Number of protein chains: 4
Amino acid sequence: MEKIESFLSIVENYKAVFLDSYGVLKNFRGLIEGVQETLDFIQDRGIEFRILTNDASRSQEQQSESFTRLGLQGIPPEKIVTSGMMAKQYLQLKIKGGKVAYLGTANAAHYIMQANLESVAIADLDKHDLDDIKAMVFLDDEGFDWNYDINKTVNLIRKKNMPIIVANSDNLYPVAKNDVSIATGAIAKLVESIINKKFIHFGKPDTQMFNFAFDDLNSNGRAFNKEEILMVGDTLHTDILGGNKFGVKTVLVLSGNTTPGEVEMNIRSSGIIPDYICESIVG
Amino acid sequence: MEKIESFLSIVENYKAVFLDSYGVLKNFRGLIEGVQETLDFIQDRGIEFRILTNDASRSQEQQSESFTRLGLQGIPPEKIVTSGMMAKQYLQLKIKGGKVAYLGTANAAHYIMQANLESVAIADLDKHDLDDIKAMVFLDDEGFDWNYDINKTVNLIRKKNMPIIVANSDNLYPVAKNDVSIATGAIAKLVESIINKKFIHFGKPDTQMFNFAFDDLNSNGRAFNKEEILMVGDTLHTDILGGNKFGVKTVLVLSGNTTPGEVEMNIRSSGIIPDYICESIVG
Amino acid sequence: MEKIESFLSIVENYKAVFLDSYGVLKNFRGLIEGVQETLDFIQDRGIEFRILTNDASRSQEQQSESFTRLGLQGIPPEKIVTSGMMAKQYLQLKIKGGKVAYLGTANAAHYIMQANLESVAIADLDKHDLDDIKAMVFLDDEGFDWNYDINKTVNLIRKKNMPIIVANSDNLYPVAKNDVSIATGAIAKLVESIINKKFIHFGKPDTQMFNFAFDDLNSNGRAFNKEEILMVGDTLHTDILGGNKFGVKTVLVLSGNTTPGEVEMNIRSSGIIPDYICESIVG
Amino acid sequence: MEKIESFLSIVENYKAVFLDSYGVLKNFRGLIEGVQETLDFIQDRGIEFRILTNDASRSQEQQSESFTRLGLQGIPPEKIVTSGMMAKQYLQLKIKGGKVAYLGTANAAHYIMQANLESVAIADLDKHDLDDIKAMVFLDDEGFDWNYDINKTVNLIRKKNMPIIVANSDNLYPVAKNDVSIATGAIAKLVESIINKKFIHFGKPDTQMFNFAFDDLNSNGRAFNKEEILMVGDTLHTDILGGNKFGVKTVLVLSGNTTPGEVEMNIRSSGIIPDYICESIVG
């Protein structure tokens with residue numbers, strides 16, 4: 001089960017495919033060579049696809065534009081599911097009025113505004129006037145001063161008991177061939193462990209994004225069942241664990257976080273077992 | 001938001017209600033007095049309900065019969081959602097053939113057989129013949145010898161890399177007024193931490209049971225949205241955290257795990273905030 | 001055992017006393033009023049004392065000067081034991097030559113230089129020339145840019161397998177009446193959990209500082225046994241847990257991290273039980 | 001630094017050596033062949049030695065007899081340091097009168113009696129009469145019914161706030177070539193995580209046993225410093241981590257928990273680095 005296989009010969013047996021973005025379609029260098037052909041192959045055969053990405057820094061539209069800019073055609077905004085959308089949905093359903101404090105860029109705060117709520121960057125928060133603050137969201141690792149604003153966040157959460165949302169659960173993301181950067185999820189977990197409260201985490205491996213994409217597939221008159229769907233990702237602890245738990249078949253690709261030299265050891269030591277392993281989605 | 005309110009005056013504003021079983025409908029003494037009236041009230045007003053229970057030891061049918069035996073009428077099997085059903089669904093979708101080893105009673109193993117797989121109690125496992133074993137499930141804390149069978153499980157999982165499923169994530173359950181018993185989830189976490197592999201956990205606070213109940217509600221032609229649904233439970237870390245994350249309104253009742261004397265401190269220290277607090281679902 | 005008692009009536013029964021610094025002798029406002037009298041009382045009765053502080057940002061000499069500057073007389077450098085000294089001792093014994101990278105102020109790096117090793121701030125590290133780097137030390141939460149330098153540290157530790165030392169295990173320290181700041185220990189634990197390696201942590205509750213102070217007491221010809229020693233601190237998880245484990249009697253004071261309103265709940269929920277509780281060391 | 005070296009050529013440069021027992025001197029089959037010659041070599045050269053073992057099930061005397069019975073001469077009781085002795089010392093210093101409840105064999109309870117305290121097996125505890133119970137100790141994984149007595153322990157600790165001592169921190173121990181058994185430390189951590197209280201853990205990697213052995217070496221008129229001492233063990237997370245932190249040189253042997261095939265990966269993934277690696281202490 002752990003031998004390397006051709007992605008095209010696998011995907012052609014499915015009616016829909018969920019694709020992680022980073023490490024599957026693109027990496028720090030840009031588009032992974034050949035992915036346009038694979039996407040065309042999928043669409044030519046009438047296989048439905050959705051992009052599932054742990055990203056709360058950019059909207060569906062911005063992510064779609066980014067693919068176009070990199071040279072990948074055929075990914076409209078509505079085919080992209082982000083963990084930021086899960087956070088937005090939570091805010092819409094559970095927070096009625098008031099302001100939401102956030103860590104991240106002003107751009108990421110669009111997710112809050114789309115939930116019809118007012119957003120306040122932690123940096124701009126008046127710590128003596130917290131009455132209107134109804135929730136706090138970890139959106140992005142960029143856009144703020146870590147020394148100052150993470151400490152301000154700790155003090156905010158100690159003083160005001162309210163829902164704390166983590167819109168991206170990733171710990172690390174690659175920024176160059178051998179370099180990584182700490183992601184939102186790790187910053188949130190630092191604060192969570194210090195404060196000893198339970199935050200509400202969105203993003204793979206949680207199955208909520210899978211459910212969202214699944215319901216979306218089935219909302220247009222067609223009927224998909226889980227056995228007809230394939231999840232493709234480069235990370236065992238998010239893409240593969242989540243896909244397995246949701247009940248779809250899973251493909252681990254070696255074009256991102258997991259390298260050919262480590263894959264066997266990583267599967268053995270984690271106990272997270274993909275149904276297939278492919279070099280990439282190309283070929 | 002944290003004042004005690006009348007359950008009936010809350011529930012009448014919703015189109016559907018999800019009810020935890022233990023601590024809400026019954027406790028170690030039997031049925032909680034007055035729940036029949038509340039159930040009748042719900043049904044008379046055409047409010048849909050589902051029972052969501054972290055239990056993998058008994059089937060829907062057995063749970064329904066158990067309610068009848070205790071004297072509670074009107075809970076047919078199909079209105080009960082158990083974490084064991086999530087585990088069964090996983091086995092059906094992801095394990096094709098072979099045997100599934102389990103910890104639990106022979107009765108709990110019905111969940112494995114319903115997935116068309118052969119079950120083997122850990123006690124009966126021949127440790128020199130593991131080829132056919134395709135997965136392992138933690139089903140129940142009863143039905144086996146802890147000294148012997150937990151150790152056998154540790155050795156099985158060290159030797160064979162395969163999916164490990166936890167069909168009930170609870171750590172503790174009450175067995176008498178001031179006494180608790182260690183539940184399946186805690187036994188599984190002990191083994192998981194020793195082995196350092198990732199198991200696949202089902203049960204609240206995970207949102208998969210909520211999604212299952214939600215899809216079931218919407219499968220009969222009626223259309224429910226999340227804002228019309230209420231989740232009721234006695235435990236902050238499972239019922240309320242899960243309900244909040246799924247995006248429905250939540251009621252914490254004080255007839256089970258959370259007592260009136262602790263409720264304020266528990267909410268403050270955990271950061272898990274219900275929308276309403278009621279003494280019980282009665283009155 | 002948990003009633004409030006007079007500190008002087010307790011301490012007079014002991015031959016030596018170990019005192020935490022922050023929250024016991026001083027706080028964010030400066031010296032705690034009346035501590036000079038208590039220190040005089042202790043010295044007049046021939047009771048030996050040592051200050052045990054989780055601080056790796058300043059040397060014994062600097063800490064002694066700081067007490068003098070605040071107006072507290074009679075604390076010479078040699079009576080102060082810092083967690084930075086434990087880190088220094090480790091470096092002296094285990095790292096032979098080469099450079100030690102650090103997070104912290106240039107002042108804190110004196111601990112590295114006192115171990116006869118060359119220090120390099122993470123900010124100044126050439127990431128393409130790591131051959132000479134033999135260890136890395138978390139010294140202080142100040143003196144560096146968190147966004148940039150914590151990420152650089154993560155990448156350093158991923159690339160080079162070497163001892164990583166945490167010279168102060170504290171998670172938080174108070175900076176104003178209701179405000180705290182994240183301390184070195186929490187930053188180190190963030191990196192440790194991301195990297196999944198074991199760092200070497202110094203500072204209370206670890207008993208090494210207690211042993212150091214104990215050996216120092218017994219090095220001058222006098223003989224102390226543990227039953228004649230009292231540990232005084234304001235924090236259950238460091239001072240009291242460590243003192244209990246080392247085998248000396250413990251006093252929790254309510255002039256710092258633990259407040260009168262919380263003390264009973266904190267002891268009950270943590271299971272860390274001091275032998276005595278006093279408002280402060282005054283009176 | 002990680003090449004395999006001859007143990008005898010290393011040890012002859014030291015004045016004292018600390019040896020782990022299981023995996024170094026013996027294993028599940030009995031004595032490791034050739035260890036008598038190494039012990040003779042050490043003694044002939046006047047090198048002092050101590051055995052440091054995470055064992056709270058048997059006394060120094062019993063362990064010494066056990067070596068003799070296996071055929072290893074020259075290990076008198078006073079050269080053996082057990083984690084049970086650390087627990088005993090804690091009880092002597094901190095618990096004044098009353099009874100101590102325990103999990104373990106009646107034989108292990110000798111550590112409690114040597115502290116002049118009365119011992120009560122959890123199985124024999126009257127749960128309605130807890131007034132006299134002053135502490136609880138996890139001594140051994142054998143001698144009790146796990147189903148019944150671990151649950152009884154959980155309820156005891158929930159009802160009575162008192163010191164909880166873990167006399168052996170190990171998670172696993174080998175019982176056959178490829179089989180392990182859950183050790184006391186893992187059972188204690190299960191209860192600790194359920195109860196969410198801080199227990200007091202003894203045993204390597206904690207440095208208290210190293211300090212005890214070090215003080216003992218220096219108590220007979222001879223003067224040892226840490227640079228003249230070598231720690232030898234088969235387990236990175238206990239022997240090597242603890243020895244490194246204490247400040248002595250460390251040897252990892254491959255005759256126990258760590259196998260030649262895994263050693264490089266284990267060192268890289270844990271970040272715990274021994275100063276030397278040897279096949280065994282033989283040759």
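Letters A, B, ... mirror the listed sequences (proteins, then strands); counts begin at 1. Computed from a predicted model, the values in this text were never measured in an experiment.
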Whatever's closer than 4.5 Å to a heavy atom in chain C on T207(D) counts as side chain
*Tell me, yes or no, whether the heavy-atom count around K152(C) atom NZ, taken from other residues, nucleotides or ligands under 6.0 Å, exceeds 12.*
yes
Under 4.5 Å to a heavy atom of chain D? For F210(C) that would be neither
Among E227(C), Q208(C), H237(C), the residue with the most heavy-atom pairs under 4.5 Å to chain D is Q208(C)
Verify side-chain contact (heavy atoms from CB on, under 4.5 Å) between V248(C) and L93(D), making sure each step is shown before the conclusion.
CA-CA 7 Å; V248(C) 296; L93(D) 287 165; over 6 Å; no
query = If you draw a 6.0 Å radius around NZ in K198(D), do more than 12 non-hydrogen atoms from other residues or ligands fall strictly inside?
reply = no
Okay, K160(C) and chain D: the region with an atom under 4.5 Å from a heavy atom over there is neither
So OG of S270(D) and CG of N161(C): to nearest 0.5 Å the spacing works out to 7.0 Å
Shortest non-hydrogen pair, Q89(D) vs K226(C), comes out as OE1-NZ, 3.9 Å
- Task: Check whether more than 12 heavy atoms from other residues, nucleotides or ligands sit under 6.0 Å from atom NZ of K159(C), and answer yes or no.
- Result: yes
If you tally heavy-atom pairs under 4.5 Å between each of T250(C), N211(C), I200(C) and chain D, the highest tally belongs to N211(C)
Checked I164(D), D206(D), I165(D) vs chain C; the most non-hydrogen pairs under 4.5 Å come from D206(D)
Practice item. Take K94(C) and I273(D), measure what side-chain contact (heavy atoms from CB on, under 4.5 Å) needs, and give me the verdict at the end. Key: CA-CA 11 Å; K94(C) 296 285 292 184; I273(D) 310 167; over 6 Å; no
Between K245(C) and H201(D) the two heavy atoms that sit nearest each other are NZ-O, 2.8 Å
One option among L241(D), N196(D), N244(D) has the most heavy-atom pairs under 4.5 Å with chain C, and it is N244(D)
